[in-house]
Amino acid sequence: MRLVIGITGASGVQYGIRLTEVLQGRAETYLITTKTARQIIEIESDTSISAVEKLATHVPDEHDFTSPVASGSYLFDAMVIVPCSMKTLASVANGISDTLITRTADVCLKEGRKLILVPRETPLSLIHIENMLRAKRAGAVILPACPGFYPKPNSIGDVVDIIVGRILDMLGIEHELYKRWD
């Protein structure tokens with residue numbers, strides 16, 4: 001499986017870091033981080049950006065439009081933007097392809113490939129909700145970072161794993177990151 005992971009400047013970079021970690025050795029991954037995401041990684045996590053990048057197979061620059069994933073003729077299975085900032089959501093919802101993340105998301109939508117957006121914002125404005133609706137209508141999966149608590153998480157890591165597990169479910173990748181509802 002070939003996957004693209006975009007980490008943007010919203011709070012919650014742990015979701016993107018953990019997803020990249022879980023996929024290491026299980027999929028070929030392209031990790032694209034924004035400048036702000038790299039700053040947030042340093043603020044919110046104990047993991048360096050270089051350590052995060054080592055988890056991925058490929059790490060193109062956020063402005064490298066010559067990267068293979070910027071083209072619809074390059075085959076990859078899906079893209080996950082996690083966390084997805086409201087700026088990135090607005091760009092995706094309105095077809096603004098000004099970064100490699102938004103261009104690759106546009107490729108997913110135009111080629112009919114799976115695009116999973118994991119917004120991490122609260123509260124939501126009407127503009128945010130309308131942008132989510134617009135992206136959903138265009139073919140994106142909207143998977144807010146809203147974990148269930150039936151697995152009885154004991155740590156922040158457990159809460160992160162619930163969301164990452166839901167992302168893996170959407171990608172059709174088996175996992176045991178959390179106890180499922182039974």
Side-chain angles (χ1 to χ4, degrees), residues 2-71 74 76-94 96-108 114-122 124 128 131-132 135 140-147 155-157 159-168 171 177:
R2 185 179 286 159
L3 302 169
V4 181
I5 302 165
I7 300 179
T8 69
S11 181
V13 293
Q14 296 87 344
Y15 296 115
I17 294 169
R18 180 69 171 138
L19 178 64
T20 308
E21 179 182 60
V22 169
L23 291 173
Q24 188 179 32
R26 298 179 76 183
E28 180 182 355
T29 54
Y30 283 80
L31 175 65
I32 309 164
T33 56
T34 65
K35 178 182 176 185
T36 307
R38 291 187 291 279
Q39 293 171 329
I40 301 297
I41 287 169
E42 288 188 20
I43 293 167
E44 288 188 353
S45 79
D46 295 326
T47 309
S48 69
I49 187 63
S50 62
V52 174
E53 290 175 343
K54 287 178 183 174
L55 298 171
T57 314
H58 310 279
V59 185
D61 182 84
E62 70 173 309
H63 298 293
D64 182 7
F65 283 80
T66 65
S67 174
V69 296
S71 174
Y74 184 72
F76 60 91
D77 298 290
M79 178 180 197
V80 182
I81 304 177
V82 54
C84 182
S85 68
M86 292 300 109
K87 178 186 181 294
T88 302
L89 171 66
S91 294
V92 170
N94 291 285
I96 301 169
S97 299
D98 59 346
T99 68
L100 185 56
I101 288 177
T102 55
R103 170 58 190 165
T104 307
D106 189 48
V107 166
C108 286
K114 184 161 280 195
L115 172 63
I116 301 169
L117 306 177
V118 184
R120 216 300 313 138
E121 183 66 72
T122 192
L124 297 169
H128 300 151
N131 282 334
M132 285 185 221
V141 172
I142 309 298
L143 195 156
C146 299
S155 67
I156 292 173
V159 173
V160 169
D161 278 353
I162 293 167
I163 296 302
V164 171
R166 296 296 291 144
I167 294 167
L168 295 173
L171 294 170
L177 292 180

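We use all heavy atoms of the structure for the numbers below, so side chains are in, but hydrogens, waters and symmetry mates are not.
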Completion exercise
So CG of Asp161 and CD1 of Ile167: to nearest 0.5 Å the spacing works out to 10.5 Å
Exercise for the section: Measure the CD-OG1 distance between Glu53 and Thr47 for me, rounded to the nearest 0.5 Å. Expected result: 12.5 Å
Has [X] got a side-chain atom pairing as donor or acceptor with [Y]'s backbone, closer than 3.5 angstrom?
| X | Y | value |
| --- | --- | --- |
| Glu62 | Lys35 | yes |
| Ser67 | Asp64 | no |
| Thr99 | His63 | no |
| Ser45 | Gln14 | no |
| Thr104 | Leu100 | yes |

Is it true that the side chains of [X] and [Y] contain a donor and an acceptor less than 3.5 Å apart?
| X | Y | answer |
| --- | --- | --- |
| Thr36 | Thr34 | no |
| Glu44 | Ser11 | yes |
| Thr88 | Ser91 | no |

Side-chain touch [X]/[Y], heavy atoms, less than 4.5 angstrom:
| X | Y | answer |
| --- | --- | --- |
| Val141 | Leu115 | no |
| Leu168 | Leu23 | yes |
| Asp106 | Val92 | no |
| Ile7 | Tyr15 | no |
| Leu117 | Leu143 | no |
| Lys54 | Gln24 | no |
| Met132 | Pro119 | yes |
| Ile116 | Met79 | no |

Handout entry: Leu3 to Ala27 - nearest heavy-atom pair and separation
Key = CD1-CB, 4.0 Å
Exercise for the section: Would you mind checking if Asp77 and Lys114 are paired as a salt bridge, meaning a charged N to carboxylate O distance below 4.0 Å? Expected result: no
Practice task
Could you walk me through whether Val69 and Arg103 pass the side chain to side chain contact (heavy atoms under 4.5 Å, CB included) test, one step at a time?
Solution key: CA-CA 9 Å; Val69 296; Arg103 170 58 190 165; over 6 Å; no
Exercise for the section: For Arg166, look at atom CZ and say whether over 12 heavy atoms of other residues, nucleotides or ligands are found less than 6.0 Å away. Expected result: no
Handout entry: Parallel, tilted or perpendicular: rings of Tyr30 and Tyr74 (30°, 60°)
Key = perpendicular
